[in-house]
Colleague: 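Have a look at this one before I ask anything.
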Amino acid sequence: MIQETLIDKYRVNARKSDAFDIFNLKYFIGPNPYLDRAALVFDFALTGHLHPLAIDDYVSIIGDRYPDIRDESYESYGHLFARTVSEVGKLDMGLHLDHWSLKPFAHFMRIGVQALHARTNRAVVYCVWDWFEAITQGDRFDLDTQIKTFQNLFRHSVYGGPTVYTLWRTANDKGIPTFYLWDEGLVQYGYGKKLIRGIATTFDCDSHIDSDFTTRKDDCKAFLQTLGFPVPNGDIVGSCDDAIATARKIGYPVAVKPVIGHKGIGVTADVRDKEELIFAYNRAVDATPEGQSADIIVEKSISGADFRLLCVNGRFVAATERRPASVIGDGKSTIAELIDRQNRTATRLDTPTSPLSKIKCDESMEMYLEEQRLSIDSVIDKDRTVFLRKVANLSAGGVSIDATRTVHPDNIILAQDIAQHFRLTCLGIDVIAKNLSTSWKDGNFGILEINSAPGIFMHLNPAIGESVDVPSSILETFFKTDADARIPIITFNRISVKELQEIIDHILLQHPDWIIGAVCREGVFINRSEKNLHKDYNTNIQNLVRHPRLDLLIAEYCENILETDGMFYQYSNMVVLDNPTETEMMLMHNASEDSTVIINESDNISIRRQGLIEQYRLGDGEPLVRVYLKELGTVL
């Protein structure tokens with residue numbers, strides 16, 4: 001329980017009008033003395049200046065927003081505060097941040113809450129503090145506005161892209177080590193020789209030549225034609241006049257898009273006359289990357305629905321229909337009002353976990369409305385559906401509909417035949433057809449383009465239809481189990497350079513072709529070669545597990561490092577504790593169930609392996625190194 005008063009020594013951030021105080025916030029990148037995973041740790045206390053309300057009063061108000069909180073009991077204000085921070089930290093997006101802990105001290109309570117993006121989670125802690133103070137004062141508190149701010153903050157972090165987050169969360173669920181490489185702007189999955197690096201659905205094992213090839217839509221189109229696959233008739237143009245001439249030759253309607261591009265940027269479909277063509281051509285030119293030739297494709301537009309076929313590792317896994325954003329009239333509201341109403345619905349939160357993005361109003365939308373003799377100020381008849389743009393761009397508010405179970409076998413073979421020609425983990429194939437249940441061989445089917453970095457969230461969380469677990473399919477391409485992502489790790493609470501070199505030599509005698517990374521407070525080694533020791537201890541660990549040929553890691557984590565930095569990794573295959581402190585005993589809990597744990601306490605040895613415990617006493621002058629060298633076989 002937290003004491004009722006707090007001496008000034010501990011009152012760091014609170015005002016004299018506050019009932020609670022929050023101080024000593026610290027972010028740990030991994031396991032630490034307070035939580036077995038990345039966490040934001042802070043101290044919580046009562047100020048003694050303002051007496052708080054009864055705990056039930058806070059529970060009643062917070063429970064109106066989060067009903068699950070009302071169904072639980074709390075031993076102290078600190079327990080309720082920690083639980084509330086954990087719930088608010090999910091940002092109404094279902095983020096996988098479920099873990100929290102408390103450790104009581106004499107005048108305060110130390111709270112650890114699972115965290116991913118430190119800045120967002122820090123803002124959440126201060127927000128909950130403000131909420132508790134507002135409840136104490138009887139003031140109104142606008143949590144919804146705060147949540148929206150945090151959602152935006154998280155969305156613009158390195159973790160907040162829908163594809164990146166879904167892969168990160170899936171890796172977390174599967175126990176696959178995952179961390180962000182800030183210098184490279186990449187996510188790493190796995191350690192050492194098991195690692196794979198990438199961003200979104202592009203990975204370091206992918207062919208950069210093939211990836212670049214998919215952005216050259218003209219060459220891709222010619223290639224697909226040589227394979228006998230259906231691609232629209234058209235040509236590449238370098239001027240607006242050439243575009244007009246090409247459209248006249250192949251006949252309207254046409255589609256216009258930049259040769260170099262991706263994600264549908266600068267693409268305009270169903271262009272029906274010269275005026276539209278001029279607009280579409282200029283839009284495609286504007287979308288061409290700076291420094292690249294503004295070559296534009298003008299091709300025959302095929303009528304039908306827009307579909308994405310997704311292949312992973314050369315195999316078809318999912319299909320999604322994409323429909324343009326639309327509104328349904330009520331006979332009294334303008335299109336602008338209908339859009340605003342839709343954008344305020346829960347399904348259009350526009351977060352990494354929401355199935356729909358907000359509908360965007362831009363020049364392209366207004367032009368398409370004008371084609372329909374409408375404007376954003378038009379009032380449309382009740383139950384009339386008005387599509388807001390020609391292109392089914394999901395980022396502009398389009399609707400995703402799962403179509404995986406409807407795909408005709410011929411269309412699956414088509415997708416896989418295309419994917420087999422590319423050394424790419426993920427390949428998105430955009431096609432247009434009346435539906436996917438009819439074979440492409442029956443006609444009225446066209447391949448629009450292929451993408452080497454396709455988004456996957458539309459398949460995992462479609463606006464309509466069943467979820468397809470694409471993230472698992474991707475990660476299982478590299479790691480069938482979590483063990484496939486890991487190399488052996490040996491953790492010590494203390495070890496000298498001499499002992500480190502002795503264990504390296506011992507292992508290399510058995511495995512001379514291995515590459516061993518080792519780090520202690522005094523040095524970093526690759527086999528016996530000493531490397532630069534970074535002042536940030538966990539950076540040394542990251543640099544070692546980033547080594548793509550590393551077979552084994554040996555690391556020291558003493559009390560000082562655990563308290564100030566925490567650990568970089570989770571799960572050790574062997575843990576050796578030499579007269580450990582209470583803090584250092586957390587290393588034992590970091591071991592997996594089938595790991596070997598050796599504990600020396602005043603020459604009394606305890607060895608736990610495979611659920612069995614062996615105990616004995618060291619002989620006079622017998623070094624501990626003899627014990628753990630003998631046990632190395634359980635790791636190697």
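All of these numbers come straight from a predicted model, not from anything done at the bench.
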Colleague: Excluding sequence neighbours, so at least two apart, what forms side-chain contact (heavy atoms from CB on, under 4.5 Å) with Ile328?
Modeller: Thr385
Colleague: side-chain contact (heavy atoms from CB on, under 4.5 Å) with Asn444: which residues, sequence neighbours excluded?
Modeller: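 So Asn444 forms a side-chain contact (heavy atoms from CB on, under 4.5 Å) with Ile302, Ser303, Lys434.
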Colleague: Run the side-chain contact (heavy atoms from CB on, under 4.5 Å) test against Asn233 and tell me which residues pass, sequence neighbours left out.
Modeller: Ile250
Colleague: Does Asp142 use its side chain to pair, donor to acceptor, with the backbone of Thr145 at less than 3.5 Å?
Modeller: yes
Colleague: Could you name each residue pair satisfying salt bridge (charged side-chain N to carboxylate O under 4.0 Å, His left out) that touches residues 394-422, not counting sequence neighbours?
Modeller: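 Listed once each, the pairs are Arg405-Glu466.
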Colleague: Scan residues 267-282 for pairs that pass salt bridge (charged side-chain N to carboxylate O under 4.0 Å, His left out), counting only residues two or more places apart or in two chains.
Modeller: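 Sorted pair list: Asp270-Arg272, Glu276-Lys390.
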Colleague: I'd like to check the side chain to side chain donor-acceptor pair (under 3.5 Å) partners of Thr438; sequence neighbours left out, ordered by chain and number.
Modeller: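 Residues passing side chain to side chain donor-acceptor pair (under 3.5 Å) with Thr438: Asn435.
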Colleague: Excluding sequence neighbours, so at least two apart, what forms side-chain contact (heavy atoms from CB on, under 4.5 Å) with Ser400?
Modeller: Thr320, Leu394, Met458, Pro462, Ala463
Colleague: How would you list all residue pairs meeting salt bridge (charged side-chain N to carboxylate O under 4.0 Å, His left out) that involve residues 176-186, not counting sequence neighbours?
Modeller: Glu184-Arg197, Glu184-Arg546
Colleague: By the salt bridge (charged side-chain N to carboxylate O under 4.0 Å, His left out) test, which pairs, at least two apart or in different chains, include something from residues 150-174?
Modeller: Arg155-Asp350, Lys174-Glu476
Colleague: What pairs of donor and acceptor atoms, side-chain ones from residues 363-370 against any protein atom, are under 3.5 angstrom apart with sequence neighbours left out?
Modeller:
none

Colleague: Can you sort out the partners of Ser157 under side chain to side chain donor-acceptor pair (under 3.5 Å), two or more places apart, ordered by chain and number?
Modeller: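 Per chain and number, Ser157 pairs via side chain to side chain donor-acceptor pair (under 3.5 Å) with no residue.
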Colleague: Restricting to side chain to side chain donor-acceptor pair (under 3.5 Å), what partner residues turn up for Arg70, sequence neighbours left out?
Modeller: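 For Arg70, the residues satisfying side chain to side chain donor-acceptor pair (under 3.5 Å) (neighbours in sequence not counted) are Asp64.
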